[in-house]
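Shown next, in C-alpha cells, is the structure this report addresses.
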Amino acid sequence: MSEIQGGTEQEFTEPTMAERKRILSHRSLFALAAVGFFLLCACGLTTVRAGNWIADTLAGRESTESGNGSAVPANWAAASAELTIAVSPSMAGTLRERANSFNRQGLRTPDGEQMRVELVTRSSREMVGESVRQPAYQAVAPDSSLWLEMIDRRWAQLFPGERGGLSASRVGESTLFAVSPVVIAVTLDAAQQLGWPQQSIGWKAVQDRAASPSRAFKWGHPSPSCTSGIAATLSKFYAGAGITRGLTEDIARLPDVIAYFQRAERDAYVYGAGARARAARSQAGGGANTAVGANEGLLDAFVTQEQAVIAWNSGTDQGLAWLSGRESAGQFLPAGQLAAIYPQEGTLWADHPLALLELDGRAGPAVTPNQRTTYRAFIAFLLGEESQTALLEAGFRPVDPALDLMAEGSPFAEALTVNPLLPQTLMQLPPQPVMEMVLDAWRLAVPPLNILLVVDTSESMGGGKLARMKAALQGFADQLQGEHDRVGLVEFGSGVKRFGSLQRLDAEGRERMSLLIEGLEAGGSTKLLDAVWAAHGELSDQGETNATYAIVVLTDGRDNDSENRLRSLERAMVGTDNAVSIHTVAFGRDADEGLLEELARIGGGQFYRADETTIEEVYRQIARYFQTRG
C-alpha cells in the first residue's frame with residue numbers, strides 16, 4: 001500500500017503481467033485477501049462516519065415531504081415468499097442472472113410456499129428516497145454500503161427512537177456479496193498519452209488534461225447519486241486544495257479551491273445532469289466537453305467501476321446501456337478497449353451489499369416471515385462457490401478469498417487493462433459539514449431545471465391509464481431534488497384545462513404539485529399542439545437565463561382539435577431567448593408516434609414509448625436524463 005509522508009504519496013509503478021502472475025500465485029492470495037478485508041473494514045468505518053452528511057445531502061431533505069410516493073400502493077400476501085429487490089444499474093444484469101438461477105431451484109419455505117426473487121432497477125439515490133416510504137420491494141442492493149446508512153439516517157429522522165432507547169432502523173440484515181473499486185475508464189490512446197501503464201495517474205492529471213487549451217481531451221463522471229459520482233466530485237476539491245487528506249471547511253471555502261472546482265466542473269460531462277450540464281457548458285462559453293452525448297462528440301475518459309471496464313472490454317456490455325447509447329443520453333465512449341486508471345490520490349470502493357428492509361407495517365404491508373426466509377436463502381446462494389465464480393466472471397471481485405483472481409477463465413488473468421493489485425489507497429471521506437459544502441457547491445454549479453409536464457387527460461385516458469400516469473408524474477416530481485428546480489403541470493383535453501405554473505420543489509411546492517396530479521380527470525378531445533404551444537410560451541418568457549428549460553409531453557392519441565400547427569411551433573422555437581427542449585411520451589398503441597417523434601426532433605429532445613406496465617419507469621428515465629441528484 002502506498003505510504004503518505006509529509007503530505008505526499010510515494011509513486012506506485014504498475015507491475016507487468018509477469019510480475020502480477022508471480023505476485024498473485026495461489027499461495028499469496030491470502031495476503032491479497034487480507035488487504036481486501038482491510039479495505040472493506042475501512043469502508044465500513046467510513047460508512048458510519050459518512051452516514052450523517054450523506055443522508056441529508058444526497059437523499060434530499062424534501063424527498064418525503066409530500067408523503068405521496070406512488071398512487072399505486074405496494075401490496076403482497078401475508079404468506080408471500082416472493083422477495084423483490086431494488087438493484088443498482090451496475091449490478092442489475094449480473095444479479096438478474098443469479099436470481100433466475102436461484103428461482104430454477106424451486107426452493108420452498110417450511111410451510112410450502114415457493115421461494116422466488118424478482119428485481120427492479122433503481123439508482124442508489126432512488127433507493128434512499130423510496131425506502132423511507134413504502135416501496136414495492138423488500139430488499140435493496142445499492143452499489144455501496146454508504147447508501148444503507150443514508151436510509152437509516154433518514155428513517156431515524158422520521159421515526160426517532162424513544163428517549164434513551166435505540167434509534168429507529170429501516171435496514172435490517174445486510175451482507176456484502178461482491179466488490180469493485182471506482183476507477184477512471186480511459187480509451188487506450190488517451191491513457192497512453194497520460195503515461196499509462198508506466199506511470200501512476202491521478203485525478204488531478206485527468207482534470208488538468210481536460211482543462212488544457214487544446215481541449216483535445218474530454219472526460220465525465222456520474223452525478224453524486226452513486227459511489228462513482230461521489231468520488232469524482234470529491235476529487236475536484238482535493239485537487240484544488242493540493243491535498244489528498246484532511247479536507248476541512250476552511251480549506252473548502254478558499255477562493256482558489258472554489259475556483260478550481262468550478263473550472264473542473266465545467267470541463268466535465270456529468271452523467272445524470274443530462275441537458276442541464278450541456279446548458280452550463282454552453283453558457284460558460286464552451287467548456288472542454290461541449291461536444292458530448294447523442295448528437296455530439298465522445299468522451300476519452302469516464303469515472304465508473306472496475307467491473308464496467310471489464311464488461312466493456314469483453315463485449316458483454318452488462319449494465320452499460322448508459323455508455324453504449326441505449327439510454328436517452330446517447331453514447332459516451334467510442335468503440336475499442338478501455339484502460340482502468342486507479343487514481344493515485346485514492347478512490348472509493350463499491351462494496352455491493354444486499355440488505356433486507358424492515359418494513360414493519362406502519363406505512364404498508366410488513367415483510368413476511370417467508371420473504372425473510374427467501375432473503376436468507378438467496379444470500380447463502382450468492383455467497384456459494386457457483387455465484388461467487390459467476391460474479392468474478394462478470395468482472396466483480398468476489399468476497400470469497402479462496403477464489404483465485406488469476407485462475408484460468410478469470411477476467412483478471414490475461415487482462416492488461418485492469419490490475420487486481422490496485423487500488424492501493426482509499427479516498428478519505430471528509431466530515432459531515434465539509435461534505436455538505438462540497439455537494440452544495442456541486443448543486444450550485446449545475447443550472448436549475450424549469451420543466452412543464454404537459455399531460456393528456458382526454459376521454460381515452462380514463463381508468464387504469466390515468467391512475468398509472470398519476471403515479472408516474474408523482475414519481476417524476478419526487479426524483480427531482482434540486483432546491484432551485486421548478487416544475488409545472490399543463491393538463492389538456494379539449495383545450496388547456498388547467499395550467500399549473502412553475503413552482504419550486506420545496507415542501508409547499510411539492511404539496512401543490514401532488515394536489516394538481518391527484519386532481520387530473522379524463523374527458524374531452526385532444527388539443528395536443530395547443531397545449532405544447534402554451535407551455536412553450538410560458539417557458540420562453542422566463543427571465544432566468546442560467547437555467548434549463550424543458551417540456552415533457554404525454555398523450556395516448558392523436559391531435560384532433562388544435563388550432564396551432566407543428567410548423568408554426570417550430571418557427572416560434574427559433575430565436576427565443578431561452579432554449580426549450582421538448583421530450584415526448586407515446587402512451588399506448590393509439591398514440592401518434594410520428595407527430596411525437598417530430599416534436600422531439602424539433603425540440604432537441606427524446607422520444608419514448610410506454611404502456612401501463614412501463615410508464616413509471618419511462619418517467620424515471622426522463623428524470624434521470626435531466627438530473628438524478630442526491
Side-chain angles (χ1 to χ4, degrees), residues 55 58-60 62-78 80-89 91-92 95-96 99 116-159 168-174 225-226 353-368 370-372 374-375 378 467-468 470-481 510 514 613-621 623-624 628 630:
L58 295 183
E62 319 94 330
S63 62
T64 61
E65 293 297 330
S66 70
N68 189 8
S70 174
V72 182
N75 198 12
W76 49 81
S80 175
E82 181 175 295
L83 180 76
T84 302
I85 302 170
V87 58
S88 65
M91 179 59 76
L95 198 62
R96 182 165 287 110
R116 185 169 182 82
V117 172
E118 297 291 341
L119 302 181
V120 294
T121 303
R122 298 287 189 273
S123 72
S124 295
R125 188 213 62 84
E126 288 174 317
M127 294 180 206
V128 176
E130 294 176 356
S131 293
V132 296
R133 298 192 290 268
Q134 179 65 32
Y137 44 83
Q138 304 85 33
V140 291
D143 65 3
S144 170
S145 299
L146 293 172
W147 305 95
L148 301 182
E149 188 69 21
M150 297 180 220
I151 294 171
D152 265 350
R153 172 70 175 175
R154 196 73 182 99
W155 185 254
Q157 291 173 341
L158 293 172
F159 300 101
S169 178
R170 187 63 156 178
V171 178
E173 302 172 46
S174 175
S225 59
C226 66
L354 176 57
L356 191 68
L357 296 176
E358 292 298 338
L359 308 180
D360 54 10
R362 74 182 80 186
V367 172
T368 71
N370 281 340
Q371 287 170 338
R372 199 175 297 273
T374 302
Y375 168 83
F378 189 51
R468 289 294 179 183
K470 288 181 179 182
L473 294 174
Q474 184 63 62
F476 179 88
D478 286 346
Q479 278 187 263
L480 299 181
Q481 297 298 327
R510 289 181 185 279
S514 293
T613 64
T614 62
I615 184 63
E616 291 183 66
E617 178 59 29
V618 165
Y619 269 85
R620 189 175 290 113
Q621 289 178 17
R624 288 188 193 126
T628 301

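All heavy atoms count here, side chains included; hydrogens, waters and symmetry mates do not. From a predicted model like this one, the values you see are computed outputs, not experimental measurements.
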For the [atom1] atom of [X] and the [atom2] atom of [Y], what is their distance to the nearest 0.5 Å?
| X | Y | atom1 | atom2 | value |
| --- | --- | --- | --- | --- |
| Arg153 | Leu148 | CZ | CG | 16.0 Å |
| Leu83 | Arg372 | CG | CZ | 10.5 Å |
| Gln138 | Ser131 | CD | OG | 11.0 Å |
| Leu473 | Asp478 | CG | CG | 11.0 Å |
| Tyr137 | Glu130 | OH | CD | 3.5 Å |
| Leu357 | Met127 | CG | CE | 10.0 Å |

Test side-chain contact (heavy atoms from CB on, under 4.5 Å) applied to Leu356 and Gln371, step by step: CA-CA 9 Å; Leu356 191 68; Gln371 287 170 338; 5.8 Å; no
List the atom of [X], the atom of [Y], and the distance in Å for their closest heavy-atom pair.
| X | Y | value |
| --- | --- | --- |
| Arg133 | Gly129 | NH1-O, 3.2 Å |
| Thr374 | Ala81 | OG1-O, 2.7 Å |
| Leu95 | Leu119 | C-CD1, 3.6 Å |
| Ser174 | Pro353 | OG-CB, 3.9 Å |
| Tyr619 | Phe476 | O-CD1, 3.5 Å |
| Val132 | Trp155 | O-CZ3, 3.4 Å |

By side-chain hydrogen bond (donor to acceptor under 3.5 Å, both in side chains), which residues pair with Ser88, not counting sequence neighbours?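 Here the qualifying residues are Ser90.
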I want to check something: taking the side chain as every heavy atom from C-beta on, are Trp147 and Val140 in contact at a cut-off of under 4.5 Å?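 A side-chain contact under 4.5 Å is absent here.
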Side-chain contact, heavy-atom cut-off 4.5 Å: Leu359 with Gln134?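 Heavy-atom side-chain distance check passes, below 4.5 Å.
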Can you tell me if [X] uses its side chain to pair, donor with acceptor, with the backbone of [Y] under 3.5 Å?
| X | Y | result |
| --- | --- | --- |
| Ser124 | Asp143 | yes |
| Arg510 | Ala477 | yes |
| Glu617 | Thr614 | no |

Contacts of Arg116 that satisfy salt bridge (charged side-chain N to carboxylate O under 4.0 Å, His left out) - sequence neighbours left out: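 Partners of Arg116 under the salt bridge (charged side-chain N to carboxylate O under 4.0 Å, His left out) test: Glu118.
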Member of Val367, Leu354, Asn370 meeting the side chain to side chain contact (heavy atoms under 4.5 Å, CB included) criterion with Tyr375: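 Going through the options one by one, the only one that passes is Leu354.
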Do Trp76 and Thr84 pass the side-chain contact (heavy atoms from CB on, under 4.5 Å) test, and can you show the C-alpha distance, the side-chain angles, and the key distance before you say yes or no? CA-CA 11 Å; Trp76 49 81; Thr84 302; over 6 Å; no
Please test Ser514 against Gln474 for side chain to side chain donor-acceptor pair (under 3.5 Å), starting from the C-alpha separation and ending with a verdict. CA-CA 7 Å; Ser514 293; Gln474 184 63 62; 3.0 Å; yes
